[in-house]
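All chains are named by letter (A, B, ...) in the order of the sequence lines, taking the proteins before the strands, and each is independently numbered beginning at 1.
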2 protein chains.
Amino acid sequence: MRPKNLEKEEAIRSIALKIISEEGLENLSMQKLAKAANISPRTIYIKYENKEDLLVKLFIEEVLGTYEKAILENFNPEMGFAEGMKRLWLNTFHYLKNNKPSFSLIQYGKSSPLLNKAFQEKNIQQGEFFAPIHRFLKTHVKTGLIPDLPHDVHRALLFSPIQDLVAEYFDHLDRPQQIINEELVLTCCEIVIKGITNQKHHEQLKK
Amino acid sequence: MRPKNLEKEEAIRSIALKIISEEGLENLSMQKLAKAANISPRTIYIKYENKEDLLVKLFIEEVLGTYEKAILENFNPEMGFAEGMKRLWLNTFHYLKNNKPSFSLIQYGKSSPLLNKAFQEKNIQQGEFFAPIHRFLKTHVKTGLIPDLPHDVHRALLFSPIQDLVAEYFDHLDRPQQIINEELVLTCCEIVIKGITNQKHHEQLKK
DNA sequence: CAAAAGTAAGTAAACGTTTGTTTACTTTTA
DNA sequence: TAAAAGTAAACAAACGTTTACTTACTTTTG
């Protein structure tokens, strides 16, 4: 039995992401992808049932999977709040700024009904997605350091600014100078931390 | 000379937005749009040069134009910081939650290279887009109430959470109960305000 | 002050391409 | 030689856009 050529599988994934990030999701076609990867269209259909299957698997397994791993590196839920937040923000910044195709697909995940649906299903089904962050926040809610809000609301308050900053980082690649760097990211992170933490509680702990 | 049928022009715009928000940008075709609007494909090409022209004009004139107006209602740059922020947040929340198609297209604007380019050009060219907010922030930077950061960074810190909350609002439409309401939006707005404002300065002003 | 002339709006049908996917066949290796 | 991997070529359907024509209204003219 002829064995699979793993290089071709990898080429399909990486070239698909490249096309999406450079030309947009609406400009990715199976034939264009096959041509760019120097294979026959049929070869894509050995690994993936159809285009939807390819996109969903690419999004969930390839992008979200590695994204999660990268963000949680050197992070653990028992960390202090400020320390943990800074770790998560820096991990997000460094991973995404070096993986533009992933960032592009994540952005598409927020608007495209197809990927949006896939994301929600994954998020609800396994419930384990970003579970350490969930636990981290719960801990600090319990001590009263941060307010008890729904998890989705915590996410909007604590992590949407860093994702927006990454978008700005990519926008500024086309401009004369880059304004988004690690120092600025940390400054912004501190502002977000200051907003959500209960100062009185913090001072009581010090006493 | 036969006059234009303005109803048909309006139908093209509103039905295009409807298709985009329900089925995604990648599922909008000129023939599908014509059929849904009960007109001939040729009629679209009387008003718009091609598909790209349609999308860009729809995005900039129809969506961004009315979005800007809605957000700046009852707002003026001389307002106090907290008061102004709350006005902007509530306007954003109320407008977007009642205009899902606009929200969808704005989200696409962040990922699709085509719309992204159109947005940047518009933003740079006229420089007047959201100018009152620009002035508002500048004023409060001058008094030292908020830190002096690039405008794009201010936007990420101050407005990305409310946009994320609107996305959550729409996600929760499919779930048993809605958790995003005006009260929660104001709570979050206060958290963001607390984060960015210089407390010491604030207290000095009081003395 | 009607009817003819002129003109842009609008239509039905089709253009050549490209789409996602499949069929029929060849290659490669256990 | 069995069997899956892979290819070249083709499929119907849908794509963006155009052609050839009709409709509906304004303006000009006898």
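- Note: OH (Tyr45(B)) to P (dC15(D)) measures 11 Å, nearest angstrom.
- For Leu54(B) and dC15(D), the CG to P distance is 15 Å, given to the nearest whole Å.
- Applying the salt bridge (Lys or Arg N to Asp or Glu O under 4.0 Å) test to every pair with at least one member in residues 35-48 of chain B, sequence neighbours left out, gives these pairs: Glu9(B)-Lys47(B).
- Residues of residues 10-29 of chain B having a heavy atom closer than 4.0 Å to DNA chain D, listed by number: Leu28(B), Ser29(B).
- Taking Tyr45(B) as the reference, nothing meets the ring-ring contact (aromatic ring centres under 6.0 Å, His included) condition, with sequence neighbours excluded.
- What separates CD of Glu52(B) from P of dC15(D) is a distance of 18 Å, to the nearest Å.
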Can you pull every protein N or O that's under 3.5 Å from an N or O on nucleotides 26-30 of chain C?
from: dT27(C); atom 1: O2; to: Arg2(A); atom 2: NH1; distance (Å): 2.9
from: dT29(C); atom 1: O2; to: Met1(A); atom 2: N; distance (Å): 2.7
from: dA30(C); atom 1: O4'; to: Met1(A); atom 2: N; distance (Å): 3.3

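- Partners of Asp171(B) under the side-chain contact (heavy atoms from CB on, under 4.5 Å) rule, at least two apart in sequence or in another chain, are Asn116(A), Gln120(A), Glu168(B), Arg175(B).
- For Leu72(A), the side-chain contact (heavy atoms from CB on, under 4.5 Å) criterion is met by Glu68(A), Phe75(A), Leu88(A), Pro132(A), Ile133(A), not counting sequence neighbours.
- Computed from coordinates, the Glu7(B) CD to dG10(C) P distance equals 11 Å when rounded to whole Å.
- Rounded to whole Å, the distance from NZ on Lys51(A) to C1' on dA14(D) is 13 Å.
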Show your working on side-chain contact (heavy atoms from CB on, under 4.5 Å) between Glu73(B) and Arg87(B) and close with a plain yes or no.
CA-CA 8 Å; Glu73(B) 204 165 318; Arg87(B) 176 86 274 140; over 6 Å; no
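- Listed by first then second residue, pairs satisfying salt bridge (Lys or Arg N to Asp or Glu O under 4.0 Å) with a partner in residues 48-60 of chain B read Asp53(B)-Lys57(B), not counting sequence neighbours.
- When the P atom of dT19(C) is taken as reference, atom NZ of Lys32(B) falls 17 Å away, rounded to whole Å.
- Ring centroids of Phe136(B) and Phe81(B) are separated by less than 6.0 Å, placing the two rings close together.
- Rounded to whole Å, the distance from CG on Asn5(A) to P on dG6(D) is 6 Å.
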Please output the side-chain donor-acceptor pairs of residues 12-21 of chain A that fall under 3.5 Å, not counting sequence neighbours, one pair per line with the distance.
from: Arg13(A); atom 1: NE; to: Glu62(A); atom 2: OE1; distance (Å): 3.4
from: Arg13(A); atom 1: NH2; to: Glu10(A); atom 2: OE1; distance (Å): 3.1
from: Ser14(A); atom 1: OG; to: Glu10(A); atom 2: O; distance (Å): 3.2
from: Ser14(A); atom 1: OG; to: Ala11(A); atom 2: O; distance (Å): 3.4
from: Ser21(A); atom 1: OG; to: Lys18(A); atom 2: O; distance (Å): 3.4

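- Residues forming a side-chain contact (heavy atoms from CB on, under 4.5 Å) with Lys8(B) (at least two apart in sequence, or on another chain): Asn5(B), Ile39(B).
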What string of B, S and - do you get for nucleotides 7-13 of chain D 5' to 3' if you count protein non-hydrogen atoms under 4.0 Å?
BB-B---
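- dT19(C) atom P lies 11 Å from atom CG of Leu33(A), rounded to whole Å.
- Sorted by first and then second residue, the ring-ring contact (aromatic ring centres under 6.0 Å, His included) pairs involving residues 168-194 of chain A (not counting sequence neighbours) are Phe93(A)-Tyr169(A), Phe103(A)-Phe170(A).
- Scanning for ring-ring contact (aromatic ring centres under 6.0 Å, His included) contacts around His151(B) gives His134(B), with sequence neighbours left out.
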